[in-house]
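Could you have a look at this structure, given as structure tokens, before my questions?
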8 protein chains.
Amino acid sequence: MTPDSILQLLESIQSGETTPADALSRLSRLPFEDTGFAKIDHHRSLRLGLPEVIYAAGKSPEQVADIFARMAQTGGSVIATRAGVDAFAAVKEAVPGAEYHQVARVIGLSAASPQPPAGRIAVVCAGTSDLPVAEEAAVTAGYLGLEVDRIVDVGVAGLHRILSQSDVLSRARVVIVCAGMEGALPSVVGGLVAAPVIAVPTSVGYGAAFGGVAALLGMLNSCSPNVCVVNIDNGFGAAYVAAMAVRQ
Amino acid sequence: MTPDSILQLLESIQSGETTPADALSRLSRLPFEDTGFAKIDHHRSLRLGLPEVIYAAGKSPEQVADIFARMAQTGGSVIATRAGVDAFAAVKEAVPGAEYHQVARVIGLSAASPQPPAGRIAVVCAGTSDLPVAEEAAVTAGYLGLEVDRIVDVGVAGLHRILSQSDVLSRARVVIVCAGMEGALPSVVGGLVAAPVIAVPTSVGYGAAFGGVAALLGMLNSCSPNVCVVNIDNGFGAAYVAAMAVRQ
Amino acid sequence: MTPDSILQLLESIQSGETTPADALSRLSRLPFEDTGFAKIDHHRSLRLGLPEVIYAAGKSPEQVADIFARMAQTGGSVIATRAGVDAFAAVKEAVPGAEYHQVARVIGLSAASPQPPAGRIAVVCAGTSDLPVAEEAAVTAGYLGLEVDRIVDVGVAGLHRILSQSDVLSRARVVIVCAGMEGALPSVVGGLVAAPVIAVPTSVGYGAAFGGVAALLGMLNSCSPNVCVVNIDNGFGAAYVAAMAVRQ
Amino acid sequence: MTPDSILQLLESIQSGETTPADALSRLSRLPFEDTGFAKIDHHRSLRLGLPEVIYAAGKSPEQVADIFARMAQTGGSVIATRAGVDAFAAVKEAVPGAEYHQVARVIGLSAASPQPPAGRIAVVCAGTSDLPVAEEAAVTAGYLGLEVDRIVDVGVAGLHRILSQSDVLSRARVVIVCAGMEGALPSVVGGLVAAPVIAVPTSVGYGAAFGGVAALLGMLNSCSPNVCVVNIDNGFGAAYVAAMAVRQ
Amino acid sequence: MTPDSILQLLESIQSGETTPADALSRLSRLPFEDTGFAKIDHHRSLRLGLPEVIYAAGKSPEQVADIFARMAQTGGSVIATRAGVDAFAAVKEAVPGAEYHQVARVIGLSAASPQPPAGRIAVVCAGTSDLPVAEEAAVTAGYLGLEVDRIVDVGVAGLHRILSQSDVLSRARVVIVCAGMEGALPSVVGGLVAAPVIAVPTSVGYGAAFGGVAALLGMLNSCSPNVCVVNIDNGFGAAYVAAMAVRQ
Amino acid sequence: MTPDSILQLLESIQSGETTPADALSRLSRLPFEDTGFAKIDHHRSLRLGLPEVIYAAGKSPEQVADIFARMAQTGGSVIATRAGVDAFAAVKEAVPGAEYHQVARVIGLSAASPQPPAGRIAVVCAGTSDLPVAEEAAVTAGYLGLEVDRIVDVGVAGLHRILSQSDVLSRARVVIVCAGMEGALPSVVGGLVAAPVIAVPTSVGYGAAFGGVAALLGMLNSCSPNVCVVNIDNGFGAAYVAAMAVRQ
Amino acid sequence: MTPDSILQLLESIQSGETTPADALSRLSRLPFEDTGFAKIDHHRSLRLGLPEVIYAAGKSPEQVADIFARMAQTGGSVIATRAGVDAFAAVKEAVPGAEYHQVARVIGLSAASPQPPAGRIAVVCAGTSDLPVAEEAAVTAGYLGLEVDRIVDVGVAGLHRILSQSDVLSRARVVIVCAGMEGALPSVVGGLVAAPVIAVPTSVGYGAAFGGVAALLGMLNSCSPNVCVVNIDNGFGAAYVAAMAVRQ
Amino acid sequence: MTPDSILQLLESIQSGETTPADALSRLSRLPFEDTGFAKIDHHRSLRLGLPEVIYAAGKSPEQVADIFARMAQTGGSVIATRAGVDAFAAVKEAVPGAEYHQVARVIGLSAASPQPPAGRIAVVCAGTSDLPVAEEAAVTAGYLGLEVDRIVDVGVAGLHRILSQSDVLSRARVVIVCAGMEGALPSVVGGLVAAPVIAVPTSVGYGAAFGGVAALLGMLNSCSPNVCVVNIDNGFGAAYVAAMAVRQ
């Protein structure tokens with residue numbers, strides 16, 4: 001039942017065809033998407049200008065290209081994460097304006113009429129091996145309408161490196177910190193800023209790193225109280241939470 | 001907004017006070033419980049005659065008694081699981097008809113006008129240490145309107161014990177099997193019956209039993225395909241699933 | 001020793017060839033399948049018309065085809081799960097009537113004289129990545145004699161999608177719910193239906209999804225009491241338990 | 001070496017007592033807190049008016065009271081988390097204006113001249129057993145200068161409960177969601193709001209809940225991308241991250 | 001149906017009262033313990049003279065005493081493991097000949113007419129903290145009819161201690177080795193003897209000992225191929241396996 | 001220092017070249033293998049006629065062939081486990097009498113003058129997928145001088161299959177049971193025999209089987225007290241322990 | 001056989017009573033402790049002046065006092081770790097010179113004639129909750145002959161605190177770092193010093209700290225290559241390794 | 001800001017261009033690496049002559065070669081760990097003096113003017129499968145300026161092998177012990193030497209070895225107090241800690 005058909009029902013009360021009691025009975029059994037619930041969803045994307053997102057892992061290049069092209073017709077921005085070169089080739093053919101961010105493995109299309117940036121964040125990573133996750137976060141944040149400062153290779157074994165970036169850190173409204181191995185960097189950054197730190201454990205490391213579990217546990221137990229955590233390697237999610245926080 | 005107020009809204013269309021378009025707009029923002037959604041819930045409990053359930057662990061005797069008494073006013077059956085002697089004393093004072101099933105740690109009140117049994121199940125347990133969990137399942141199943149055969153102390157190290165119960169097993173529409181340690185009994189029972197087996201791992205055991213984890217894993221990997229599993233020590237849940245299956 | 005040879009033994013008592021004491025001694029050492037135990041098994045498959053099942057993973061196409069062909073001679077239905085295209089090619093050559101369900105990875109042969117459907121279930125999945133597991137459940141359920149409604153892509157992050165399916169859900173005698181990542185869908189569905197929910201955790205996800213463990217734990221701890229669980233990715237088992245429950 | 005003594009050093013260059021080269025040599029060995037680094041810290045607390053925080057677990061009532069009294073002298077707000085009745089008695093004696101929030105186990109002292117609220121958040125919990133954690137979050141958030149809406153007992157097994165709260169949810173700039181067992185609520189709430197969701201797994205549950213691990217994993221794998229996570233039972237941390245996000 | 005009643009049935013064939021076909025039909029439905037299956041069990045205990053065993057943990061002193069007294073009537077030996085002083089007091093009253101082995105926490109009663117020892121084993125433990133487990137093994141082995149050499153406090157950090165016991169080790173037909181912490185002793189002993197080594201991980205240790213898991217894993221991965229393992233702290237089981245091996 | 005050189009030292013006392021005190025001093029610092037310790041090792045292999053064993057995994061075919069050929073020169077039996085076809089080709093060229101057991105992945109060479117069998121064991125496995133592990137055990141046991149009965153495909157979901165093998169089981173001095181998935185078979189077999197059961201968990205299964213961990217835990221928690229366990233997939237170790245037990 | 005008796009044997013060669021060949025035969029079977037092996041042990045303690053150590057956990061006060069008194073008779077230093085007040089009372093009575101270090105839970109007795117300090121180390125801890133472990137390390141190190149600088153409450157959330165201690169850190173030959181929660185401090189300290197860092201994870205924390213596992217994993221994955229790790233809460237072990245390193 | 005520019009600032013005070021207060025203000029905001037902090041780092045590498053280190057895993061041969069060549073220009077030694085043959089080919093072209101250590105997978109370049117060895121250590125491994133890790137340790141230690149004794153294939157199942165090496169062990173100032181499977185060797189070696197033992201768990205093993213976890217846990221729980229541990233397979237880290245300890 002569409003909003004149109006609800007309107008018809010209500011008009012049939014007006015015209016006397018249906019009694020209010022009968023109408024109530026029929027409304028009570030309405031599928032929920034027909035009663036405006038789904039509109040909230042639309043309101044949200046309209047208000048925030050958030051891009052449509054495709055998780056490309058496990059989809060064929062053709063599937064990614066199909067979905068991407070369909071989404072691109074709305075005129076808004078579109079991104080596909082965890083996308084390989086093949087997927088980009090297929091998308092590029094269907095949507096010539098699409099761009100590929102190789103390290104981030106993100107395919108993106110800017111909105112036809114982009115909005116001004118919503119605010120500035122910083123994306124920090126401990127080592128060069130963490131770059132793919134950090135770039136996924138940074139590139140996603142860009143398409144979500146944020147300005148992004150990147151700070152790379154500032155592991156805690158050489159503190160002067162992160163300490164020298166305090167100016168950049170201090171102007172960020174949210175700081176995303178990606179780190180593998182022991183995942184100590186978010187705690188250190190958390191002590192340097194007065195902003196939320198979104199920690200992203202990465203699967204960088206070997207042995208007792210357990211594919212990111214050591215970093216995940218370290219971040220969950222951070223002694224800096226302004227640290228929250230997303231899933232291992234989930235740069236996209238960190239950027240999304242950051243955008244939600246900045247765009248209020 | 002209650003059903004009554006929706007009716008008023010619809011009547012205001014009839015009377016011409018409100019246009020159908022305005023009414024559509026207001027209906028789209030209705031809280032969901034007001035549009036009949038919660039009624040499904042009521043339909044369910046009315047149709048099935050299921051008891052109200054209180055999880056007593058972590059509640060004071062007074063809290064249990066208060067909730068129990070309030071629920072008892074509907075005339076339906078009521079049970080409180082994981083309830084100690086103290087909780088029963090408090091309930092007994094408020095609801096004299098309540099009964100205590102000590103091994104099961106369940107307080108129960110039968111419905112004023114009980115329905116005929118919905119069907120027969122069997123509750124099986126491997127050792128006497130599993131009895132509290134098995135009894136929680138069996139007693140709960142009784143209040144849920146099932147007839148229950150109990151089979152106790154039929155661990156797989158002495159197969160003749162369970163094999164001698166094949167007649168009882170064969171008349172059960174669902175078989176609940178509680179076992180700790182290696183949790184092998186559900187697999188064996190699953191091979192003996194043509195009914196669903198609901199396996200309940202118990203926290204019985206020590207060392208590498210890991211508080212029921214060994215039994216849980218064993219049951220999830222059962223080589224008998226008719227075995228499904230609930231949480232460790234969750235006799236109540238097993239009975240509830242069984243009642244749902246039998247009462248279709 | 002077959003039933004025939006037991007009969008011979010008993011007749012030899014009648015004829016005086018064997019004393020009762022000698023016969024008792026020999027009977028005491030009988031292999032159990034010879035004393036009617038195995039008949040229960042036959043009774044079951046005859047009564048329920050359940051198909052023979054082959055777990056094809058780890059078997060060569062030739063092995064699968066050989067077993068499949070042998071089973072097909074009984075005239076009943078046959079299925080092979082976790083079967084690849086190669087296995088199907090081999091089976092097809094031996095049993096021309098066999099069909100391949102690609103997403104489900106199931107090869108099936110309908111019974112020569114199929115029985116009427118035993119009842120209706122629903123198979124629900126959270127995302128398109130869960131489809132292979134959901135289809136294994138749905139296809140298996142079909143060969144087990146059930147009618148199946150499929151509900152796809154109704155993850156809990158967009159509740160209106162599952163809420164709009166309440167009519168389909170309400171007519172199911174059992175609901176199978178497949179979900180990876182956080183595995184929250186069975187809890188939500190469990191609150192919407194008055195039927196058993198068989199939850200199937202899938203290995204969909206990454207990082208802290210731990211190959212389905214996060215979903216498995218979520219389902220075992222469901223706050224909906226009508227939820228039980230099978231092994232990760234075990235669509236077949238869910239269908240089998242459902243068939244057992246419906247066909248009582 | 002204090003800023004004063006650095007100034008003296010620099011003045012001694014001006015006066016000719018010290019050569020620039022000698023001064024450089026001495027400055028290079030300065031402890032870092034003396035070179036202004038610690039000032040950032042002071043700037044932060046001054047700018048944000050954040051309370052001083054004591055983690056009372058494992059400290060004696062006397063220790064808590066001593067630290068609390070010392071901190072109270074600054075005139076700002078002070079809180080002690082995980083504090084028992086005994087600790088409050090000791091604090092109350094030393095700081096008569098302190099208040100005790102029993103369910104939250106928080107002792108608090110409002111600032112002498114409190115600032116206007118910085119923004120509004122919602123604190124949601126799945127069941128009454130999650131209340132202590134939710135209250136720790138809500139009470140802490142209050143002392144951190146936020147307005148807080150509380151939404152209690154809206155578990156996903158009865159969706160209408162959370163759906164009916166959409167108005168309250170929609171006005172929150174951040175939503176904190178506390179849940180034990182399967183931890184599914186943050187995913188559902190995440191789909192209903194356009195704000196960051198800070199998920200707090202609680203240790204509520206038994207068996208395969210593993211003291212909050214099941215909920216933690218569920219939340220880390222949320223299919224709603226606007227969900228981030230803090231440690232099990234860490235209501236304080238969730239409030240702190242929320243305050244950081246709101247007070248930018 | 002007892003063997004006697006089967007005999008009656010067979011005799012009724014002989015006498016012509018029953019036809020062989022009828023008898024076959026009745027035999028096919030016999031509970032298995034009636035067809036001689038349970039006799040195997042009796043044969044075993046008669047042949048081996050194994051004691052009856054009670055697992056006393058979680059049973060009341062009265063329950064232990066009741067079962068103990070009933071078992072003692074057969075004249076064979078009886079043991080109760082994991083038994084406290086209270087349980088012994090109750091048993092002692094009912095069965096004056098019972099003895100208590102305090103460190104082992106075993107109550108035992110020797111058979112009225114004991115058999116000669118079946119063979120000699122050694123029970124070795126790494127530290128004095130492992131003694132309760134080692135004594136449970138040694139005392140149990142004694143009641144199972146084995147001669148036992150005890151070797152105590154021979155941890156691998158001082159190799160000369162175990163090396164000096166090579167004579168004692170070399171005369172053992174089975175060696176039971178109990179060790180906590182890193183559980184390295186079974187590997188070392190395994191290299192010194194030409195006999196099966198039954199390794200018993202103990203829950204001795206702290207931190208990353210994880211209640212015996214570190215020792216368990218060490219023993220399962222022993223580089224000595226003659227090592228097998230039982231559950232953590234399961235001294236009883238080790239003795240039972242040893243008795244089975246020696247008494248062939 | 002060899003035994004010869006020790007003898008020289010002692011003879012130099014006799015001849016007066018060395019004082020007893022000097023000799024004591026030199027003897028105290030002797031490497032242990034020189035004082036007869038290593039002889040124990042030789043005594044063992046001579047007495048038991050145990051084969052030399054090569055763990056071929058991770059070695060090149062050439063390395064395996066080299067070691068194999070060197071060991072073969074002693075005239076005793078030699079085996080290489082976890083060996084592929086390539087390794088066999090290389091060994092075959094160097095030692096023409098070597099044989100390959102494909103399912104077991106074992107290369108073996110019988111002793112030039114084999115001893116009579118030391119005793120009989122049974123090797124049991126639950127499903128055909130467990131065959132490689134069971135065959136590794138059975139083939140190894142053969143080279144270790146045991147007679148082996150193989151019992152295949154007797155999973156606990158169809159009990160009549162294992163029950164029908166009680167004669168074969170009863171003549172085994174040790175029973176090796178290999179099982180994956182829930183690993184319940186050793187418990188069932190343990191209840192049927194009066195012999196030690198050596199349980200070998202296999203990595204057969206998927207999902208919550210966790211590569212053999214579920215089976216391992218099930219076996220460690222067996223309710224049959226005559227069960228001990230070796231590492232996952234360690235058929236070789238089970239055979240070695242069995243040989244040690246039988247050859248006493 | 002003691003060294004004396006070996007000497008007798010050698011003298012009997014000299015005297016002609018024994019032939020060298022006979023003596024060789026007897027020496028080959030000597031228990032190892034008799035051939036000087038145990039002397040190495042004595043050499044070590046004599047050379048290093050290391051104290052005797054008692055692990056008091058799980059021992060009665062009387063047992064601790066007995067062992068302590070016996071050890072004290074050698075005149076060297078003695079320590080008992082994990083010792084409570086009761087144990088100290090008992091020790092004090094037997095050995096009046098003993099001292100109790102309450103936070104460290106160590107009872108110590110200095111050597112009658114102590115050696116000069118062997119070198120200087122630093123013991124660092126992240127928070128006051130880590131103090132018991134840090135003190136166990138520091139007090140033990142003192143009795144092991146080291147000079148110890150203590151640095152307390154320098155968690156990574158406030159970097160200026162540890163940075164201000166660089167002078168103290170730089171004069172340490174080994175740095176012991178105790179930290180719970182995320183265990184990040186050793187990585188930070190490792191980057192500041194040119195000395196080995198011995199990291200001690202503590203069980204401080206809650207939730208996903210898992211009793212010290214999060215800290216342990218963090219330390220094992222440290223990005224500072226000069227970090228090694230001991231067991232959770234093992235302050236004693238860290239001190240012992242440090243003493244070994246310094247006293248070369 | 002470089003030291004030069006700080007000097008300019010200080011000179012501008014001297015010349016009167018800048019007031020001390022202004023200079024203080026500018027100094028307070030200096031990035032830390034400019035105030036001498038980074039110099040500590042330089043001091044350290046100059047004083048110790050430690051090589052530059054590249055972790056080659058996950059870098060392309062070109063990247064490794066580029067970094068290697070740049071580092072080589074300082075004239076000090078350079079090493080790249082976890083480097084394959086391809087990486088070496090690329091490095092060799094850029095830096096002809098580089099050498100490849102194949103088993104260790106290390107590319108190394110000796111310093112132009114090497115220092116005399118700083119001390120002697122031993123690197124011990126249990127089996128030949130542990131050699132790659134042991135060689136990574138030994139080769140790294142060589143470039144770090146240590147003399148290294150290698151002891152191979154001395155697993156604890158044949159104790160005489162390690163006991164015969166006591167002379168070599170006794171002259172080592174640090175002993176690195178690499179072992180997989182049960183990881184027992186460090187405990188045994190720890191009892192034989194009066195030096196720190198750095199234990200390196202290796203990922204050698206299968207089944208319950210869990211990729212080195214069993215060895216790791218064993219080593220963390222060592223009963224020899226002079227044992228500390230590094231990450232699984234981290235031979236490089238062990239050598240680095242050893243060098244730090246020796247070079248004090």
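Chain identifiers are assigned alphabetically (A, B, ...) following the order of the sequence lines, protein sequences preceding nucleic acid strands; residue numbering begins at 1 within each chain.
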Name all residues meeting the ring pair (Phe, Tyr, Trp, His ring centres under 6.0 Å) criterion together with F236(B); count only those two or more places apart in sequence or in a different chain, and write none if there are none.
-> Y240(B)
If you check every heavy atom in residues 172-186 of chain C against those of chain B, which residues fall under 4.5 Å?
->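 The residues closer than 4.5 Å to chain B, in numerical order, are A172(C), R173(C).
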Drop me the distance from L220(B)'s CG to L220(C)'s CG, to the nearest 0.5 angstrom.
-> 6.0 Å
Scored by heavy-atom pairs under 4.5 Å with chain C, the best of N231(B), V227(B), V229(B) is V229(B)
In terms of heavy-atom proximity below 4.5 Å to chain B, should V197(C) be classed as side chain, backbone, both, or neither?
->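 It is neither, since no heavy atom gets under 4.5 Å.
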Partners of E135(B) by side-chain hydrogen bond (donor to acceptor under 3.5 Å, both in side chains), sequence neighbours excluded?
-> R150(B)
Could you tell me which portion of L216(C) (side chain, backbone, both or neither) has an atom closer than 4.5 angstrom to a non-hydrogen atom of chain B?
->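 When you check distances to chain B, only side chain atoms of L216(C) fall under 4.5 Å.
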By salt bridge (charged side-chain N to carboxylate O under 4.0 Å, His left out) - contacts of R70(B) (at least two apart) |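 With neighbours one apart ignored, the set is empty.
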Can you name the closest pair of heavy atoms from V230(B) and C228(C) and give their distance?
-> CG1-CB, 4.0 Å
